[in-house]
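Residue numbers begin at 1 in each chain, while the letters A, B, ... track the order of the sequences.
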Amino acid sequence: MATNKYLSSTCTIAKNAVNKNGITLFKNPGTDITAFLLSVYQHFHFNYPKFYKMDNLGKLGWLTAEILLKDDFERFNYEPEEIGVVLTNSNSSLDNDLKYFDTISDIPSPSVFVYTLPNIVIGEICIRNNFKGEHAFFIQEKFDAAFIAQQVNYLLDNDILQACICGWADVLGQDYKATLFLVEKKKNEQALLFSPENIDSIFNTI
Amino acid sequence: MSQSVYVAGVGVISAIGNNVTEHLAAFERGEAGMAEITLLNTIHRHKLPVAEVKLTDEELIAVTGPTTHNSRTALLSLVAAREALNDAAIPNLKELRTGFVSANSVGGMDKSEDFFVEFLADNSKGKLKNVFDHECGSMTEIVADQLGITDFMTTISTACSSSANAIFYAARLIKNNMLDVAVAGGVDALTKFTLNGFNTLMILDKEFCKPFDEHREGLNLGEGAGYVVLVSDKVAKTLTNPAYCKLSGYNNSNDAYHQTASSPEGTGSYMAMKGALAKSGLQPADISYINLHGTGTQNNDSAEGTAVKRLFDPNYPPVSSTKSFTGHTLGASGGIEAVFSVLSIKHGLIYPNLRFKTRISDLPFEPETKYLKGQDIKHVMSNSFGFGGNCTSLIFSAV
């Protein structure tokens, strides 16, 4: 049954800044993407050695999810199977595919190869958080709020999930942007309604 | 209404044979299917052994008749699925609700790889027809058309556990009275993409693979297809030949640990085996034989071995990996090994684990190395574990 869903929190990492729920938490202008993502990791004192092995899409998505869920997610309200992830982007894993292609002429790198799929970033988020619900990754020309809302509403309305992390995570070279939304059925104090209009407006703010 | 699901027919093609009879003979002779690459056009020829089906695409077409897209994947699938359906010889098949649940992981990629050679050289060249059926689902549709199956079809692609998942999904469709008959299993052809990919992961053995050996150095890729025909209680009663066995248990679990590796404790494999036992209502001591996933990689065999130890210690049933014969056929392996499990029950067979010499130091058990026949086989467990931690166990039981 269709009920209202709410944006318990949102997080965007883009343009060398981290923004959560409309507030800029960290800035590091003038650094390239690799140095910037590392500085985010260090700024928030994350301790997850696997981070260093990830490709840039993995790092970007993982960091955005960490900051999205930090302090704002009562994961113990849910079973692992009740939490899912729906992500989209326009460049798939092309950023890493090109890096992998460069290694082929020498010795193809197994550690680069395993990131040559876009949905690996979902795996990184799920492994970190022990999420075991449905997940999907869609490649689209641009951020499509109506499409994401349709997918997530279906999963929540049919009780396939009780909470869903959704949004956009895209990297190609020095261009990157991730915006993730935590969607739940219960309303926190300042939570906005989960609607195509609201997520589109949040996505386009930064 | 929950009901039993019976296996009424089997069909298989792999490097060791083009049908069930040839497979049984190859097992008895202890003859592995790996060899130097002869058919796949790759830079790894003369360097890496693979287990190729010994028929060229043209020879396969001569057997199957031409299809709308002569991908090797579709051709192999058609050979084995047709054998299974003929073997089942179900009376009045046309009046029953019949489905085709087929798994694969490469789709029509063998033809796409040919296309790209021409296309990359000149963007106006290359036959688009060769990429039209690139995706996995196309293979299922082509073969379903050829088999005349129209009631239901679907494709499952979950890496190396694909066709085990197809079989148990088909069983659930029958149990829930949505189908009367299902041809279920899977197929994969060798492609450059998979050979190069596994080579990149550094898990291909340059010699013939040695599953469950302390000195194992990786897997050999193979190709083929394996299908079982599953039928409901009601259809089983109408069969001319008695059903082979029942599919009594199944489970899919995920250890959510790494993209291409199992957790060292084998959590996913342990949960899959334990879940399948629970579903069948059996105890570990009831299992007569385990057809291991047993790829021959360091990671799989130690994780699977640890999981078997956790569940079965101290009383181990005979275990072996038939990938020592067929190579690792990826999306087809669960279907091919399901056929072997069914034949194990039917003929009282335990298959030898070829080239085994030294027990894995951390494990208190070792695989069976002899071909044994006339055994009393009541329940066979078949393991299929895939990348992404996707682990499935099936249990077949004598009736």
- Message: Between the side chains of B:E265 and B:R310, is the shortest nitrogen-to-carboxylate-oxygen separation below 4.0 Å, so that they form an ion pair?
- Response: no
- chain B contact via A:S109 - side chain, backbone, both or neither, heavy atoms under 4.5 Å: backbone
- Centres of the A:F101 and A:F113 rings: under 6.0 Å? no
- Message: Donor-acceptor check, side chain of A:N129 to backbone of A:F131, threshold 3.5 angstrom: yes or no?
- Response: no
- Message: Is A:I120 in contact with chain B via its backbone, its side chain, both, or neither, using a 4.5 Å heavy-atom distance?
- Response: side chain
- Stepwise salt bridge (charged side-chain N to carboxylate O under 4.0 Å, His left out) test for B:D205 and B:R216: CA-CA 8 Å; B:D205 194 335; B:R216 65 197 180 280; over 6 Å; no
- Item | Which atoms of B:Y257 approach chain A - backbone, side chain, both or neither, heavy atom under 4.5 Å | backbone
- Answer with side chain, backbone, both or neither: which region of A:Y100 has an atom nearer than 4.5 Å to a non-hydrogen atom of chain B? side chain
- Query: Atom CG of B:N252 and atom CG of B:N390: how far apart are they, to the nearest 0.5 Å?
  - Reply: 4.5 Å
- Under 4.5 Å to a heavy atom of chain A? For B:N199 that would be neither
- Region of A:I107 in contact with chain B, defined by heavy-atom distances below 4.5 Å: side chain
